[in-house]
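Input: a single structure, listed below in structure tokens.
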Amino acid sequence: MLTVLRDPETGRHRVGRAEFDEAHFAGDVQFDQVDFTGVGSFGKACFDSSVCFRGTRFDSDVRFGEMKVAGDAWFDGVEMHAGVWFRQASIGATLRFHVGEVGGRAVFDGLITGKNAEFTGVTFKEVAGFVGIIVSGAAWFDGATFEQDARFDDANIAHTAWFDGAQFHQEACFGGATMGQDVSFGDAFFDKGAAFTGVTIGGDAEFHRADIRGDVTFWKATFLRTARLGPLVFAGLLDLSEADFQSAVTVEAAAKAVRCRQTRWGSTAALRLRHATVDLGDAVLEFPVSVAGRSRPFVTDDGTETDERGLTDPRVRVTSLKGTDAAHLVLADVDLTDCLFVETVHLDQLKLEGRCPLLLAPSGIHLRGWRPVRWTRRRTLAEEHYWRAAQHGAHGWTPAPEGTDVRQPAVLAPVYRQLRKALEDGKNEPGAADFYYGEMEMRRHDPESSWGERALLLLYWAASGYGLRATRALGWLLLAMTATVLAMMLWGVPQDDPRPRSTGRVTGTSIILTTEKADPANPQGPYNRRLSAERFDKALRVVINSVVFRSSEQDLTTAGTYIEMTSRILEPALLGLAALAVRSRVKR
């Protein structure tokens, strides 16, 4: 039974309990300026044309479940003080829901519209559910406020979805939703982050000036024709794990962390990041993908710089390339101090541009037991730090984080070799020198290598730092020359220079001359008398000539001859190692 009363003062109609379940309305229907004071029910009602609720007020719950409207359904200026249910409702054209606020639970699950859906400026006081809605046109939620959870799981919006200025005070869930074209969250507010798990986005996803608190998840999302994602600026996690980018895309984000585990890039991509810790583990790159750190904040569509509150670390740090095919990967101006390279595929084809710092070996002198040690200053992999810290204790080396495997030298040597090749192919010979040093160090410490190889590498390291430390080779050269000069003065230079003596005889008109030269005499007397300026000059000329493979033509004792032969082998080799080290640092 339906009772309708008219208020003489306001001219509005008052309806108590209103039941229109399975009612059939042949033409346009208007419920303008009607106050429903009791429960309203339009379940399975059928409207052959349009229905309008302008200025209508609902004091109790109202249900439109499975309602069918052939034309538009307008709810302009409606007041809803309780809940509303549109579960499985079907609107042939546009649903316009311009309501001040919905006081109770709002359920639009399974709603179908033939054209657009408009919820501009609506405030949902309780949970709002749009699960499985189908919008054949565009959807507007501009300025909408969701004070409790907002759920758009499995929603299907064929065209653009606008959420500009929307406010999500609790969870915002879009799991499995499909956005046929662009989706915009300009100036939106997310108090608990947003979950776009498994969404499909056909166009761009823009977040200009969005205020996001919490994490944003695009796990298993599919981006069909997305050319731009962002700019996303928030102090949380941007999760793109297992997402599928099928077209060329630019991702702009300033976040604490960006996770791209098993992300598939089916076309070219540019990740322009700030402040973020980036995990690229097991990512699939079919085309060139660049990860670059930006020095300046992002600029929004109105030309203003984004607000980066809560983001203090300016570095973009790549923490893992494990399992990633690096053949198409470019890293530019990113921090690699914590990056894990082991198990990276085609690491020798990785391109490093700009400034990409790695961990440095500890500086200064450290005590290993009673023995002081000093490490050569060079760029190292984080995995080498973990191994050395596990082998020798900290001593300035960084220990492995909990749960991280400590790799052995046999595993690390090929990693250094591939990184060296990557830099050499990029014509960065000086930059590749540290990776060559690291490769040799791992080979020298590899217990599986033969003792002969390890001994040879130890000698190579001690003599010249694997041909990379010119000062070490020059130091040994100076020491060898000093020792050779001293040996020559003590034993090599004879007591006196032997003088040739000629004798002859005259036979008729012929003169026969015979010249003999005595063997050099070993020096005599105490050692301190042998260290004279004259003997020093002779010894120095012998040594200098021997360094450049020249004979001094100086008469020497038997011991001096062998000393000179030894110096002519050893000292030029040390000079060559010094020249090689200098060349490795200046070669282009």
Side-chain angles (χ1 to χ4, degrees), residues 171-176 185 190 192-201 205 207 210 212-223 226 228-246 249-266 269-286 289-294 298 308 310-326 328-345 350 356 382 401-405:
E171 293 185 0
C173 300
F174 294 81
F185 291 91
F190 297 88
K192 304 292 183 180
F196 297 90
T197 303
V199 300
T200 299
I201 299 178
F207 292 81
I212 304 173
R213 302 171 187 179
D215 301 333
V216 178
T217 302
F218 285 94
W219 181 63
K220 286 192 173 183
T222 300
F223 299 88
T226 303
R228 184 180 189 187
L229 173 60
L232 284 154
V233 181
F234 62 104
L237 166 67
L238 172 60
D239 193 350
L240 299 173
S241 298
E242 300 186 45
D244 185 1
F245 291 87
Q246 299 183 8
V249 64
T250 298
V251 179
E252 297 180 332
K256 284 189 175 180
V258 176
R259 185 180 298 159
C260 299
R261 295 176 184 169
Q262 300 183 33
T263 304
R264 179 181 177 273
W265 310 91
L271 278 68
R272 300 172 181 171
L273 307 176
R274 285 178 55 78
H275 305 283
T277 298
V278 186
D279 185 350
L280 293 169
D282 298 308
V284 180
L285 285 60
E286 300 179 9
V289 174
S290 63
V291 180
R294 282 179 54 99
F298 295 108
E308 297 182 345
L311 298 171
T312 56
D313 191 342
R315 299 175 298 169
V316 174
R317 295 175 295 162
V318 177
T319 60
S320 178
L321 296 178
K322 181 178 178 181
T324 301
D325 189 338
H328 298 293
L329 181 60
V330 180
L331 301 179
D333 296 316
V334 298
D335 192 310
L336 300 175
T337 54
D338 299 322
C339 188
L340 302 179
F341 289 95
V342 175
E343 298 183 18
T344 303
V345 182
L350 173 68
C356 297
E402 185 177 355
T404 302
D405 295 336

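The analysis underlying the following values was restricted to heavy atoms, covering all of them including side chains, and did not include hydrogens, waters or symmetry mates.
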Spacing of CG belonging to D282 relative to OG1 belonging to T344, to within rounding of 0.5 Å: 9.5 Å
Side chain S320, main chain L280, donor-acceptor under 3.5 Å: no
Polar side-chain atom of H275 near backbone of K256 as donor-acceptor pair, under 3.5 Å: no
Matching residue for R261 among T324, D279, D239 - test: side chain to side chain donor-acceptor pair (under 3.5 Å): D279
V289/H328 under side-chain contact (heavy atoms from CB on, under 4.5 Å): CA gap, chis, key distance, verdict: CA-CA 6 Å; V289 174; H328 298 293; 5.8 Å; no
Minimum heavy-atom distance between A235 and G310, given as atom pair plus value: CB-O, 3.8 Å
N/O donor-acceptor pair under 3.5 Å between D215 side chain and L237 backbone: yes
Min side-chain heavy-atom separation C260-V291 under 4.5 Å: no
Side-chain heavy-atom pair E252, R228 within 4.5 angstrom cut-off: yes
Donor on one side chain, acceptor on other, R317 and T277, under 3.5 Å: yes
Heavy-atom side-chain contact between R272 and F298 under 4.5 Å: yes
Within-4.5 Å side-chain heavy-atom neighbours: V233 and F207: no
Heavy atoms of other groups near E171 CD, more than 12 under 6.0 Å: no
Heavy-atom pair of closest approach, residues G266 and E286: CA-OE1, 4.0 Å
Any side-chain heavy-atom pair of V278 and L273 under 4.5 Å: yes
Closest contact, heavy atoms only, G236 versus A255: O-CB, 3.5 Å
Heavy-atom side-chain contact between L350 and F341 under 4.5 Å: yes
Nearest-0.5 Å distance, CG of residue D338 to CZ of residue R315: 7.0 Å
Steps toward side-chain contact (heavy atoms from CB on, under 4.5 Å) verdict (L229, V251): CA-CA 5 Å; L229 173 60; V251 179; 4.3 Å; yes
L329 side chain reached by L321 side chain, heavy atoms, under 4.5 Å: yes
Test item: L271 and W265 side chains (from C-beta on) under 4.5 Å apart, heavy atoms: yes
Centroid-centroid distance, F190 to F185, less than 6.0 Å: yes
Taking every non-hydrogen atom, the tightest pair across C356 and L336: CB-CD1, 3.9 Å
Separation between CG of L240 and OG1 of T217, rounded to the nearest 0.5 Å: 9.0 Å
D313 CG to R274 CZ distance, which is reported to the nearest 0.5 Å: 11.0 Å
Check: F223 ring centre within less than 6.0 Å of F218 ring centre: yes
